[in-house]
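Chain identifiers are assigned alphabetically (A, B, ...) following the order of the sequence lines, protein sequences preceding nucleic acid strands; residue numbering begins at 1 within each chain.
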2 protein chains.
Amino acid sequence: MAFPELFERFAVEVLPLGVSDGTHLRFQSVARFVTARAGDAPFRGNGKDQIAFVASGSTKLVAQASQGREQVVAFHFAGDLVSIPSSTAHAYSLCALEDCELVYFPADKFLALAQEESGMVAEVLTRALRALERCREKTVALGRKTAQEKLASFLVTMNDRVGAVEGNQQEMSLPMSRKDIGDSLGLTIETVSRQFSELRSLGLIETQGRSGIRLLDLEGLKARAGHVLAAA
Amino acid sequence: MAFPELFERFAVEVLPLGVSDGTHLRFQSVARFVTARAGDAPFRGNGKDQIAFVASGSTKLVAQASQGREQVVAFHFAGDLVSIPSSTAHAYSLCALEDCELVYFPADKFLALAQEESGMVAEVLTRALRALERCREKTVALGRKTAQEKLASFLVTMNDRVGAVEGNQQEMSLPMSRKDIGDSLGLTIETVSRQFSELRSLGLIETQGRSGIRLLDLEGLKARAGHVLAAA
DNA sequence: AACCCACATTGATTTAGATCAATGCACGAT
DNA sequence: ATCGTGCATTGATCTAAATCAATGTGGGTT
């Protein structure tokens, strides 16, 4: 995709309707366009906060802990806006799961420009609150769930986010490896694999190759995910 | 504290300078004022997102998982703004650690009003991004750290947030119990207690009664926290 | 179509932290 | 001041998941 088209995709998703041409142009002038191959880490924390828009493909935001341990903090798909912090207790890097097209902005300039258009800050705020909500749900899983509950809730969440394949509502193709899933759920590859096998033998899922997954019993999975809905 | 004073504290902290009188009044008209005693859960998820401002005291945001397991998603102190989600996979409740004064807003009305003043949305966005950053750091701890690293990073973080007692930079009084700390770090009370003892015997901290903690060696604690800073 | 290699699965063993069980102590109530 | 209760500490045992160790397999490459 050519750069102008890339930026247009960002504009359509994130800039509110009726944004002024001036703002539009100023955003474009601070944007940096990057294409990344699967496995690349096009961005590493470099002391300045950044904001990335995922125009196509999918990414993971990874934090490094000591001794080579890694924690996947979030996965992102086309249309997502990612805030990448830099002055935190852990180094973060954004990493492509599949080939990706990304639009980068320095966070300070992005936020300053956003303030020119009131609807724009609101849009970014909405997205930030959604990201916060997802992060909190992940916190619950990491802190208080068993391996099986973690994987079950992961699959239910991903089913919502990556959407259906070829019309079947409960069929999806996951771009991340077992290692990525483990690093996201605080588990090892082996435990993830064993839980996949377990869910398979319980008749809740079917796998096809390395990335194909069909949820045979969404309600059953939710029941095993340890969710507790708010009382009405 | 009387309600007008309570609201004023919110206005000073969150409303940007020079906000119009009209907006100021409209905010006040949708606000609900609540005082809570230590241990109270003045707010339980009820189907509508809410925003709470902590005027005084401190709170925890707790998510329920199945079988009575609880995860503390965040702690809050005077001056903090909390977003309380409702339609998530887990039921959340805000709970007072000490006697508290709170100002509640329905999230939809709060956000609509915020858009009347561009600086206001920006302020809320800044706070949301800070909350997101904290939540991500917590994710790293929960997913990839040992009990000792979890407690060490918790203490370092709290030292930043609750600040100093009586001039001593590294002395603080924590409002939360061992149970709360465990529910925040994904550990049991016993493990938290054992790690307190361990850090004590390593000469890194000193405890005084149930809530007093002195960090004797902040650098030593950070070294045991498993942090990995971004390379310059 | 056959090959290769990284990824995934399965099995055996170990271990960090949970659970079960007393004991100790802080701090508010009397 | 003392008392009693709930919180914290310490100890013994158990277990879910990690680690160590092969073996299998999907999917890209030639």
List the residues meeting side-chain hydrogen bond (donor to acceptor under 3.5 Å, both in side chains) with B/Lys145, not counting sequence neighbours, and say none if there are none.
A/His90

Side-chain donor-acceptor contact under 3.5 Å, A/Glu137 with B/Tyr92:
yes

Taking five pairs at each end of the helix from C/dA1-D/dT30 to C/dT30-D/dA1, what angle separates the two helix axes (nearest 10°)?
50°

Nucleotides 3-8 of chain D: which of its N/O atoms have a protein N/O under 3.5 Å away?
from, atom 1, to, atom 2, distance (Å)
D/dG6, N2, B/Arg210, NH2, 2.6
D/dA8, OP1, B/Arg178, N, 3.2
D/dA8, OP2, B/Arg178, N, 3.2

Distance-only, no hydrogens or angles: does the B/Glu206 side chain make a donor-acceptor pair with backbone N or O of B/Leu215 under 3.5 Å?
no

Report which part of the nucleic acid A/Gly39 touches: base, sugar-phosphate, or nothing (heavy-atom distance under 4.0 Å, all strands).
nothing

Starting at CG of B/Leu185 and ending at P of C/dG17, how long is that distance when rounded to a whole Å?
12 Å

Scan B/Gly212 against the nucleic acid and name what it touches under 4.0 Å (heavy atoms): base, sugar-phosphate only, or nothing.
nothing

Mind calculating the distance between CD1 (A/Ile181) and C1' (C/dC7) to the nearest angstrom?
12 Å

From A/Glu70, A/Lys150, A/Lys138, A/Lys179, residue fulfilling side chain to side chain donor-acceptor pair (under 3.5 Å) relative to A/Ser184:
A/Lys138

Test side-chain hydrogen bond (donor to acceptor under 3.5 Å, both in side chains) applied to A/Arg200 - qualifying residues, sequence neighbours left out:
A/Thr207

May I have the distance from B/Gln195 (atom CD) to D/dT9 (atom C1'), rounded to whole angstrom?
13 Å

What's the shortest heavy-atom distance between A/Cys100 and A/Thr59, and which atoms?
SG-CG2, 3.6 Å

Restricting to non-hydrogen atoms, name the atom on B/Val140 and the atom on A/Ala63 that form the minimum distance, rounded to 0.1 Å.
CG2-CB, 3.4 Å

Listed partners of B/Arg136 passing salt bridge (Lys or Arg N to Asp or Glu O under 4.0 Å), at least two apart
none

Would you mind reading off the distance between A/Glu198 atom CD and C/dT10 atom P, rounded to a whole angstrom?
11 Å

What residues 145-155 of chain B contributes to the DNA chain C interface at heavy-atom separation below 4.0 Å is B/Thr146, B/Ala147

With B/Arg161 via salt bridge (Lys or Arg N to Asp or Glu O under 4.0 Å) - residues at least two apart:
B/Asp80

Between the protein and nucleotides 19-22 of chain D, list every N/O to N/O distance that falls short of 3.5 Å.
from, atom 1, to, atom 2, distance (Å)
D/dT19, O4, A/Arg194, NH2, 2.9
D/dC20, N4, A/Glu190, OE2, 3.0

Just to verify, what does B/Lys48 make a side-chain hydrogen bond (donor to acceptor under 3.5 Å, both in side chains) with, not counting sequence neighbours?
none

Rounded off to whole Å, could you give me the CG-to-P distance for the B/Asp183 and C/dG17 pair?
17 Å

B/Arg69 CZ - D/dA16 C1' separation (whole Å):
13 Å

Between the protein and nucleotides 28-30 of chain D, which nitrogen or oxygen pairs come in under 3.5 angstrom?
none

Side chains of A/Asp160 and A/Thr157 only: does a donor on one sit below 3.5 Å from an acceptor on the other?
no

Under 6.0 Å between the ring centres of A/Phe110 and A/Tyr104?
no

Salt bridge between B/Glu13 and B/Arg127, side-chain N to carboxylate O under 4.0 Å?
yes

B/Phe7 and B/Phe53 aromatic centres sub-6.0 Å:
no

Looking at residues at least two apart in the chain, or sitting in another chain, which of them share a side-chain hydrogen bond (donor to acceptor under 3.5 Å, both in side chains) with B/Arg69?
A/Glu149, B/Ser66

Contacts of A/Asp40 meeting salt bridge (Lys or Arg N to Asp or Glu O under 4.0 Å) (sequence neighbours excluded), chain-then-number -> none

